[in-house]
Amino acid sequence: MATERTLSIIKPDATRRNLTGKINAKFEEAGLRIIAQKRIQLTKAQAGEFYAVHKERPFYDELCEFMASAPVVVQVLEGEGAIAKNREVMGATNPADAAPGTIRAEFAESVGENSVHGSDAPETAAEEISFYFSGLEIVG
Ligand code: RTP
Ligand code: MG
């Protein structure tokens, strides 16, 4: 399995509840390294651009409002098979379906306010990393 990079976001429900450190501990315990990280406040328009792939979905407007409702922490995680590993640590989108011990099982409030985002494939990981970070900001 190759070393990969993936884009992670600690979402507003989690930053509001001061859970950044607890979530980062889950990543690090799983062997993922945080090689870039910053706390930012998205506008609704920026959230809409990031989630453009979901434009036609019924939850799109609510999702964009939510992502702009408080600061988020955007991160690049690196490790062996980082994309799949991160999604494993995150757990299922709906916390009711998330495996015990996963971030969403422990911290998510609902299917919408589910504490974390993670890229789902190598192509989207590369696009999403460059949405938030310049090469200079990533120190592997
Ligand atoms: P993410 O992209 O955030 O890592 O999550 P995901 O792959 O598990 O879920 P995805 O289907 O890509 O949906 C993106 C985000 O939209 C919100 N959502 N709300 N109300 C709803 O039914 C609903 N479904 C999805 C969640 O915040 C989800 O993470
Ligand atoms: Mg997704």
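All heavy atoms count here, side chains included; hydrogens, waters and symmetry mates do not. Note that the structure is a prediction, hence the values are computed from the model and not measured. Every number for a ligand or one of its atoms is a count from 1 in the order of the listing.
- In terms of modelled atom types and a separation under 3.5 Å, the side chain of Glu137 and the main chain of Ala36 share no donor-acceptor contact.
- Although no hydrogens or angles enter the test, the distance criterion places no donor-acceptor pair under 3.5 Å between the side chain of Asn114 and the main chain of Arg104.
- Residue contacts with ligand 1: Arg104 is included, with a non-hydrogen atom under 4.0 Å away.
- Checked against side-chain hydrogen bond (donor to acceptor under 3.5 Å, both in side chains), Arg17 has the following partners two or more places apart in sequence or in another chain: Asp13.
- Nearest protein heavy-atom contact of atom 13 (O) of ligand 1 is His54 NE2, 3.6 Å.
- At least one heavy atom of Met90 sits under 4.0 Å from some atom of ligand 1.
- Interface atoms of ligand 1 facing Asn114, defined by a heavy-atom separation under 4.0 Å, are 26 (C), 27 (O), 28 (C), 29 (O).
- Distance from atom 7 (O) of ligand 1 to its nearest protein heavy atom, with residue and atom name: Arg87 NH2, 3.2 Å.
- The distance criterion of under 3.5 Å between nitrogen or oxygen atoms is not met by Phe59 with respect to ligand 1.
- For atom 11 (O) of ligand 1, the nearest non-hydrogen atom from the set Glu62, Arg57, Met67, His117 comes from Arg57.
- Listed by first and then second residue, the ring-ring contact (aromatic ring centres under 6.0 Å, His included) pairs involving residues 114-140 are Phe50-His117, Phe50-Phe131, Phe50-Tyr132, Tyr51-His117 (not counting sequence neighbours).
- The two residues Ala108 and Ser115 have their closest heavy-atom pair at CA-OG, 3.4 Å.
- In summary, the side chains of Ser119 and Arg5 do not present any donor paired with an acceptor at a separation below 3.5 Å, with no hydrogens or angles considered.
- Annotation: Glu113 places no N or O atom under 3.5 Å from an N or O atom of ligand 1; distance criterion only.
- The closest approach between Asp120 and ligand 1 stays at or above 4.0 Å for every heavy atom of the residue.
- Atoms of ligand 1 lying under 4.0 Å from at least one heavy atom of Tyr51, given by number and element, are 3 (O).
- Only the side chain of Leu63 comes within 4.0 Å of ligand 1, counting heavy atoms alone; its backbone N, CA, C and O stay farther away.
- Looking only at distances, no side-chain donor or acceptor of Glu128 sits under 3.5 Å from a matching main-chain atom of Ala125.
- With a 4.0 Å heavy-atom cut-off, ligand 1 is reached by no atom of Phe66.
- Of the protein's non-hydrogen atoms, the one nearest atom 26 (C) of ligand 1 is Val111 O, 3.3 Å.
- Atom 4 (O) of ligand 1 has Gly118 N, 2.9 Å as its closest protein atom, hydrogens excluded (heavy atom only).
- Considering only non-hydrogen protein atoms, atom 8 (O) of ligand 1 sits nearest to Thr93 OG1, 2.4 Å.
- No donor-acceptor distance shorter than 3.5 angstrom exists from the side chain of Glu106 to the backbone of Ile103, with no hydrogens or angles considered.
- The protein atom (non-hydrogen) at minimum distance from atom 27 (O) of ligand 1 is Gly112 O, 2.8 Å.
- Nearest heavy atom pair, residue Tyr60 against residue Gly48, reads OH-O, 2.8 Å.
- Ion pair Glu113/Lys11 not flagged as a salt bridge, since none of the NZ, NE, NH1 or NH2 atoms sits closer than 4.0 Å to an Asp/Glu carboxylate oxygen.
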